[in-house]
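Take a look at the structure set out below.
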Amino acid sequence: MNNLTLIGHGSASGGVYDRVKINGDATITGDIECDEMICNGRVKVKGNMKAKVIRVHGDATFEGNVKATRIKVYGQITVGKTVEAKNASIYGELKVKGSSSFDTVKLKGGLQVAGDCEAEDFHVRGAFTIHGLLNVGTADIVPFADCKAMEIGGEKIVVKKVNRPFGIIKWFKFFSPYEAEVVTDMMEGDDLELDTAKIKIIRGNRITLGESAAVDRVEYRDHLDKHEQAEVKEAVRVTA
Amino acid sequence: MTQELISKKDLLVETGISYGQLYRWKRKKLIPEEWFIRKSTFTGQETFFLKDEVLNRIERIKSMKDDLSLDDMLSVFSGKSNDLPAFATKQEVLERNIVSSVVLEQFAKEIELDQPLSFGDICLFYLIDMLLKEGQISRSEGELIFQTIKPHLSDVEKHDGLFCFGRKMGVPIATVVTSSGHVHFDQEVGVIARYSFRKLFEEVKMKWQGGKNNE
């Protein structure tokens with residue numbers, strides 16, 4: 001077994017390890033490859049990172065590219081270049097300065113991507129800001145704060161309102177009419193079901209718009225189903 | 001030569017695919033990122049494609065998608081194919097009818113039938129063979145093309161490129177442009193053939209696979 005454990009304040013040059021554990025404040029100056037990385041404090045990796053599992057409870061900064069099978073963020077991760085991961089569970093915050101590509105994303109915190117973001121399965125109970133294209137197979141989004149992307153494209157995209165049953169939050173809502181929504185310039189997909197969204201152009205095959213959807217223009221192929229309170233300025237049926 | 005552009009919307013109508021499929025293929029890298037050209041129009045930003053290139057690619061994806069998985073297709077389109085060995089013997093190339101014996105005789109005379117040829121060489125022979133068959137070049141011009149491309153093969157295999165062949169006042173000119181770009185000649189040059197290497201490699205791979213299926 002070749003493990004790296006850093007406790008306290010320290011630095012390492014990188015390399016290939018089985019397990020890397022950081023409890024404290026560490027700097028890794030080169031590329032690092034390992035089976036599992038656990039960071040409970042603060043870590044800064046100046047090279048590229050490759051791991052099967054990355055678990056961050058504290059604050060991690062990767063200045064290079066990150067490639068992993070599984071990423072779990074309870075704290076914060078900042079990535080300088082690109083991220084490629086099979087599964088990502090984000091309970092804290094993930095910031096990516098390049099583009100990112102995932103198989104499945106479970107987002108319960110925040111995600112920020114400066115480039116494009118790709119995922120087969122995109123499950124959101126939090127918020128995201130994507131400055132490029134969000135390209136998804138299926139997306140299931142419940143925005144807890146505004147979810148922004150320049151463009152969203154995919155096969156099936158569902159946006160639902162936060163379900164607040166009773167209690168103080170409902171009262172709070174009574175005084176502040178703010179409601180989180182998905183905001184984007186353009187959304188394109190096969191099946192779109194949007195409860196709460198603010199979109200300039202929607203294009204798709206089957207589109208359902210809920211009561212708090214506001215759309216400038218809808219272009220649909222098969223059918224459009226819209227709630228009477230949904231704001232739609234223009235709806236056009238496109239025939240193939 | 002400016003190539004015709006097609007908007008994403010028209011593309012879907014023309015090919016009969018849905019947004020979901022298009023995005024899916026993009027995620028699988030079957031349609032490369034560079035092909036998506038963003039332009040501003042009166043409705044805001046729109047995505048365009050080079051018409052011939054993208055229609056061709058989508059037709060091919062559609063025709064292959066029943067037989068191959070998306071991941072297998074990627075290996076056909078990208079430079080790295082799992083199916084096509086980097087080296088096929090001269091015999092196999094002849095059997096699968098990728099290159100005619102005439103061309104092989106001219107350029108690979110000293111190579112024995114069971115000796116391997118590199119993938120780059122096969123593509124090069126295929127290109128010359130095709131141009132010869134179409135009657136666009138003469139055999140000595142084939143030689144010129146061979147000599148021109150051969151030193152740059154490893155480069156264009158990695159970075160793609162463009163091959164142009166033309167004549168000015170009866171004098172043949174062969175040009176290789178590495179990485180994607182445009183090439184412009186003076187007006188008296190008649191461009192006879194223009195080929196992207198990526199397209200060439202794909203064609204040979206398709207031919208190779210087609211040959212295998214017929215067996």
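Protein chains get the first letters and strands the later ones, always in sequence-line order, with residue 1 at the start of each. If you're wondering where the values come from, they're calculated on a predicted model, not measured in any experiment.
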When rounded to the nearest 0.5 Å, the distance separating CD of A/Glu151 from OG1 of B/Thr47 is 5.0 Å
Of A/Gly154, A/Gly204, A/Ser101, the largest count of non-hydrogen pairs under 4.5 angstrom with chain B goes to A/Gly154
Taking a cut-off of under 4.5 angstrom between non-hydrogen atoms, the residues of residues 26-35 of chain B near chain A are B/Lys26, B/Arg27, B/Lys28, B/Lys29, B/Glu33
- Message: For the residue pair B/Tyr23 / A/Glu155, report whether a side-chain donor-acceptor contact shorter than 3.5 Å exists.
- Response: no
Residues at least two apart in sequence or cross-chain that pass ring-ring contact (aromatic ring centres under 6.0 Å, His included) with B/Tyr195, listed by chain then number, are none
When the 4.5 angstrom heavy-atom criterion is applied to B/Leu22 and chain A, the contacting part is neither
Heaviest contributor of heavy-atom pairs below 4.5 Å to chain B, chosen from A/Met150, A/Met186, A/Glu120, is A/Glu120
Assert top hit (heavy-atom pairs under 4.5 Å, partner chain B, pool A/Val136, A/Ile157, A/Asp185, A/Asn135) equals A/Asn135
The interface call for A/Leu133 against chain B, heavy-atom contacts under 4.5 Å, is side chain
A/Lys81 meets the salt bridge (Lys or Arg N to Asp or Glu O under 4.0 Å) criterion, sequence neighbours left out, with none
Close side-chain approach of A/Arg203 and B/Lys8, heavy atoms under 4.5 Å: no
When you look at CD of A/Glu231, are more than 12 heavy atoms from neighbouring residues, nucleotides or ligands closer to it than 6.0 Å? no
Is the count of non-hydrogen atoms from other residues, nucleotides or ligands lying under 6.0 Å from B/Glu134 atom CD greater than 12?
yes
Residue pairs passing the salt bridge (Lys or Arg N to Asp or Glu O under 4.0 Å) test with at least one member in residues 85-110 of chain A, sequence neighbours excluded, are none
Derivation and outcome, side chain to side chain contact (heavy atoms under 4.5 Å, CB included), residues A/Arg221 and B/Leu12:
CA-CA 11 Å; A/Arg221 223 188 258 181; B/Leu12 297 190; 3.7 Å; yes
If one checks every heavy atom of A/Asp116 against chain B at 4.5 Å, the contacting part turns out to be side chain
(Q) Between A/Asn205 and B/Ser18, do the side chains contain a donor N or O and an acceptor N or O under 3.5 Å apart? (A) no
